[in-house]
Amino acid sequence: QQQVKQSPQSLIVQKGGISIINCAYENTAFDYFPWYQQFPGKGPALLIAIRPDVSEKKEGRFTISFNKSAKQFSLHIMDSQPGDSATYFCAAVTGRRALTFGSGTRLQVQP
Amino acid sequence: EPEVTQTPSHQVTQMGQEVILRCVPISNHLYFYWYRQILGQKVEFLVSFYNNEISEKSEIFDDQFSVERPDGSNFTLKIRSTKLEDSAMYFCASKMTVGYSPLHFGNGTRLTVT
């Protein structure tokens with residue numbers, strides 16, 4: 001029940017396109033949903049996060065959409081750029097517990 | 001911008017040997033974590049540490065693992081007798097408060113067990 005399922009495993013998008021990564025969870029106690037971006041040889045870095053009391057959060061080209069009833073959330077990257085090529089992890093947490101990460105999506109944005 | 005620093009960046013050890021991975025969390029952070037990432041796989045939680053004691057640990061964190069905050073700045077992960085399957089990237093992370101404050105990761109130590 002602590003799992004977070006992430007899809008797709010890999011994604012290729014043309015420059016300027018929209019990248020969409022999806023995550024689903026089962027534990028209804030999760031109450032914080034961050035997305036992390038990881039470049040090769042680096043640690044994950046927080047990109048954007050959402051609480052379940054809102055359905056959408058936007059920061060620049062990055063948007064999280066959250067569907068509490070379906071227990072799903074997704075990351076949308078608008079106007080995708082080659083510099084966005086990285087691995088993206090969704091995560092979830094409740095209270096004092098540690099983050100549970102999804103399996104990751106390797107995004108490649110082609111110029 | 002303050003960052004979490006980890007040393008060494010790469011550690012090669014023989015099976016059965018002890019290794020210590022070192023981390024310097026961000027100075028005003030109170031919560032410390034170790035995660036690991038086997039090549040190409042997900043980031044897995046190992047242990048969290050607060051107020052000089054373990055606050056949560058995963059099934060992976062068995063008796064071969066231990067953590068310590070020996071002074072006011074360092075946070076270490078010790079593996080007593082390494083196994084081949086311990087080969088992974090080990091990430092230290094810290095955050096300021098419990099709950100929803102951002103978790104900051106170091107760049108990791110790549111552990112290779114031969």
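Labels below follow one simple rule: chain letters A, B, ... track the order of the sequence lines, proteins then strands, and each chain is numbered from 1. Side-chain atoms are counted along with the backbone in the values below, which use heavy atoms only and exclude waters and symmetry mates.
- Surrounding CG of Asp63(B) are at most 12 heavy atoms belonging to other residues, nucleotides or ligands under 6.0 Å away.
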Between chain B and chain A, are any donor-acceptor pairs under 3.5 Å, and how far apart is each one to 0.1 Å?
from: Tyr35(B); atom 1: OH; to: Leu99(A); atom 2: N; distance (Å): 3.1
from: Tyr35(B); atom 1: OH; to: Leu99(A); atom 2: O; distance (Å): 3.4
from: Gln37(B); atom 1: OE1; to: Gln38(A); atom 2: NE2; distance (Å): 3.0
from: Gln37(B); atom 1: NE2; to: Gln38(A); atom 2: OE1; distance (Å): 3.2
from: Lys42(B); atom 1: NZ; to: Phe101(A); atom 2: O; distance (Å): 3.2
from: Glu56(B); atom 1: OE1; to: Ala98(A); atom 2: N; distance (Å): 2.8
from: Glu56(B); atom 1: OE2; to: Arg97(A); atom 2: NE; distance (Å): 2.7
from: Glu56(B); atom 1: OE2; to: Arg97(A); atom 2: NH2; distance (Å): 2.9
from: Tyr100(B); atom 1: O; to: Tyr32(A); atom 2: OH; distance (Å): 3.4
from: Tyr100(B); atom 1: OH; to: Asp31(A); atom 2: OD1; distance (Å): 3.2
from: Tyr100(B); atom 1: OH; to: Asp31(A); atom 2: OD2; distance (Å): 2.6
from: Leu103(B); atom 1: O; to: Tyr36(A); atom 2: OH; distance (Å): 3.4
from: Asn107(B); atom 1: OD1; to: Gly43(A); atom 2: N; distance (Å): 3.3

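- No single ILVMFWY cluster, assembled from side-chain heavy atoms under 4.5 Å apart, contains both Val24(B) and Val67(B).
- Residue contact with chain B, scored on non-hydrogen atoms closer than 4.5 Å, involves the backbone and the side chain of Pro44(A) alike.
- Remark: Glu85(B) CD is packed, more than 12 non-hydrogen atoms of other residues, nucleotides or ligands lying under 6.0 Å away.
- At a threshold of 4.5 Å between non-hydrogen side-chain atoms, the residues Leu99(A) and Phe45(B) do not count as touching.
- Interface remark: Ala98(A) contributes backbone and side-chain atoms alike to the contact with chain B (heavy atom separation under 4.5 Å).
- Hydrophobic clustering of Ile, Leu, Val, Met, Phe, Trp and Tyr side chains at less than 4.5 Å, counting indirect connections, unites Val19(B) with Val47(B).
- By the rule that hydrophobic residues join a cluster once side-chain heavy atoms approach within less than 4.5 Å of another member, Leu47(A) and Leu11(A) end up as members of one cluster.
- Here the straight-line distance linking atom CG of Leu103(B) with atom CG of Leu46(A) works out to 8.5 Å at 0.5 Å rounding.
- Cluster membership for Ile20(A) and Leu107(A), using ILVMFWY side-chain heavy atoms within less than 4.5 angstrom, is not shared.
- In the displayed structure, Leu39(B) atom CG is contacted under 6.0 Å by at most 12 heavy atoms of other residues, nucleotides or ligands.
- Hydrophobic clustering keeps Phe105(B) apart from Leu46(B) (ILVMFWY residues linked when any side-chain heavy atoms are closer than 4.5 Å, directly or through intermediates).
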